[in-house]
2 protein chains.
Amino acid sequence: MSAPPRISDAEWLVMEAIWGQAPRSAGQIAEEVGPANEWSEATVKTMLARLVKKGALDFERDGKRYLYRAAVPREACVRSEAREFQERMFGGRTSPLLAWFVKESPLSDTEIEELRALLDEKAGQDEGGQA
Amino acid sequence: MSAPPRISDAEWLVMEAIWGQAPRSAGQIAEEVGPANEWSEATVKTMLARLVKKGALDFERDGKRYLYRAAVPREACVRSEAREFQERMFGGRTSPLLAWFVKESPLSDTEIEELRALLDEKAGQDEGGQA
DNA sequence: TCGTTACGACTACATATGTAGCCAGTACCG
DNA sequence: CGGTACTGGCTACATATGTAGTCGTAACGA
């Protein structure tokens with residue numbers, strides 16, 4: 001449960017590629033994220049190395065190259081980032097956050113319906129479902 | 001409408017103090033945020049200078065000292081941070097974000113009620129309320 | 001008027017981040 | 001067995017960030 005490492009903006013894009021499909025070699029990853037972000041292959045390799053060092057990635061040898069895989073689930077990283085965001089912007093409280101997004105964002109009727117359904121579910125459960 | 005400047009973690013705390021009450025002198029601000037974060041006064045002053053340079057703060061002379069005030073509304077910064085967060089975590093989509101927070105967070109019945117009310121309002125309006 | 005002091009300005013320095021180049025070794029082809 | 005190309009490792013460098021010290025000077029009190 002140790003907090004996942006802090007993952008920077010650029011690093012996050014690399015992580016996404018790996019969360020999307022793993023294990024993969026640096027070359028494969030670079031092919032996926034490089035062009036879209038106008039990164040040289042070297043840049044991607046640097047980020048891979050840093051992510052390994054941070055403990056966000058793991059790798060196994062495959063002949064002369066490495067195959068990288070995520071060492072932390074995306075889930076955990078999202079949770080951690082979300083917590084920080086929530087903390088900074090809304091003093092850690094959830095309902096103001098939700099209210100803010102509901103007010104600020106365009107939502108289709110369908111989406112509103114879905115959210116209502118989720119709230120219903122939520123209301124059904126007793127407090128403290130959070131294990 | 002130019003995007004508000006990127007405000008770092010530590011800087012954000014200083015901004016909060018100023019959004020809370022302005023204009024204020026460096027000393028006053030340091031008094032408020034320094035102890036809580038174990039920052040020396042020098043640290044606070046550095047952040048003030050950086051924030052001014054970034055265009056996040058403005059100041060007016062008051063004798064020998066400066067009185068700082070926010071140059072960008074908190075609103076705008078929150079919006080900008082929220083957009084980035086949403087982009088990174090949920091591909092920019094709002095409803096998955098809302099769904100995620102609803103599922104992940106404990107919400108009291110009252111809060112759920114309030115959100116329902118908000119959704120009702122939202123559903124009432126036609127699409128594209130975004131002014 | 002002169003000293004004191006409270007401010008802002010400038011400097012410092014380690015780590016993080018964005019971006020990328022170069023080198024050495026190794027696996028594989030010929 | 002030697003050459004070649006690909007791969008990771010190390011180096012580089014500018015900017016951002018966290019954290020803080022020092023200095024010159026203006027304002028104010030004595």
What is the distance, to the nearest angstrom, from the [atom1] atom on [X] to the [atom2] atom on [N]?
X       : N      : atom1 : atom2 : answer
A:Leu51 : C:dT17 : CG    : C1'   : 11 Å
B:Tyr68 : C:dC7  : OH    : P     : 11 Å
A:Lys64 : D:dG9  : NZ    : C1'   : 15 Å
A:Glu11 : C:dA20 : CD    : P     : 15 Å
A:Lys45 : D:dA12 : NZ    : P     : 17 Å
A:Glu60 : D:dG8  : CD    : C1'   : 15 Å
B:Gln28 : C:dA6  : CD    : P     : 15 Å
B:Met47 : D:dG18 : CE    : P     : 7 Å

Value rounded to 0.5 Å, distance of [atom1] in [X] from [atom2] in [Y]:
X        : Y        : atom1 : atom2 : answer
B:Gln28  : B:Tyr68  : CD    : OH    : 11.5 Å
B:Ile7   : A:Arg88  : CD1   : CZ    : 8.0 Å
B:Leu13  : B:Glu32  : CG    : CD    : 10.5 Å
A:Glu114 : A:Thr110 : CD    : OG1   : 6.5 Å

Under 3.5 Å, is there an N or O donor on one side and an acceptor on the other linking the side chain of [X] and the base of [N]?
X       : N      : value
B:Thr46 : D:dA20 : yes
B:Arg6  : D:dT15 : no
B:Arg61 : C:dG8  : no
A:Arg50 : C:dT19 : yes

Exercise for the section: Give the ring-plane orientation class for B:Phe85 versus B:Phe101, where under 30° counts as parallel, over 60° as perpendicular and anything between as tilted. Expected result: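 Tilted.
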Handout entry: Side chain to side chain, B:Leu118 and A:Lys103, heavy atoms closer than 4.5 Å
Key =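 Touching, per the 4.5 Å side-chain cut-off.
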Exercise for the section: Answer yes or no: is there a side-chain heavy-atom contact under 4.5 Å between A:Leu97 and A:Arg93? Expected result: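 Not in contact.
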Practice task
Have a look at B:Lys54 and say if it touches a base, only the backbone sugar-phosphate, or nothing, with a 4.0 Å heavy-atom cut-off.
Solution key: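 It contacts sugar-phosphate atoms only.
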Practice task
Quick one: closest heavy-atom pair of B:Arg50 and B:Glu11, and the distance?
Solution key: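 Between these two residues, the closest heavy atoms are CB-OE2, 4.1 Å.
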Exercise for the section: Measure from the side chain of B:Asp9, starting at C-beta and using heavy atoms only, and say which of D:dG18, C:dA9, D:dT7 lies closest. Expected result: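 It is D:dG18.
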Problem - Proximal nucleotide (of C:dA6, C:dT17, D:dT7) relative to the A:Glu41 side chain - result: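 For the A:Glu41 side chain, the nearest candidate turns out to be D:dT7.
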OP1 or OP2 of [N] under 4.0 Å from side-chain N/O of [X]:
X       : N      : answer
A:Ser8  : C:dG18 : yes
B:Thr43 : D:dG18 : no
A:Ser40 : C:dT19 : no

Handout entry: Comparing A:Asn37 and B:Ala49 on DNA chain C - which has the more 5′ nearest nucleotide
Key =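 By nearest-heavy-atom nucleotide position, the 5'-most residue is B:Ala49.
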Handout entry: Near-strand residues of residues 82-89 of chain B, defined as heavy-atom separation under 4.0 angstrom from DNA chain D
Key =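 Under 4.0 Å from DNA chain D: no residue of residues 82-89 of chain B.
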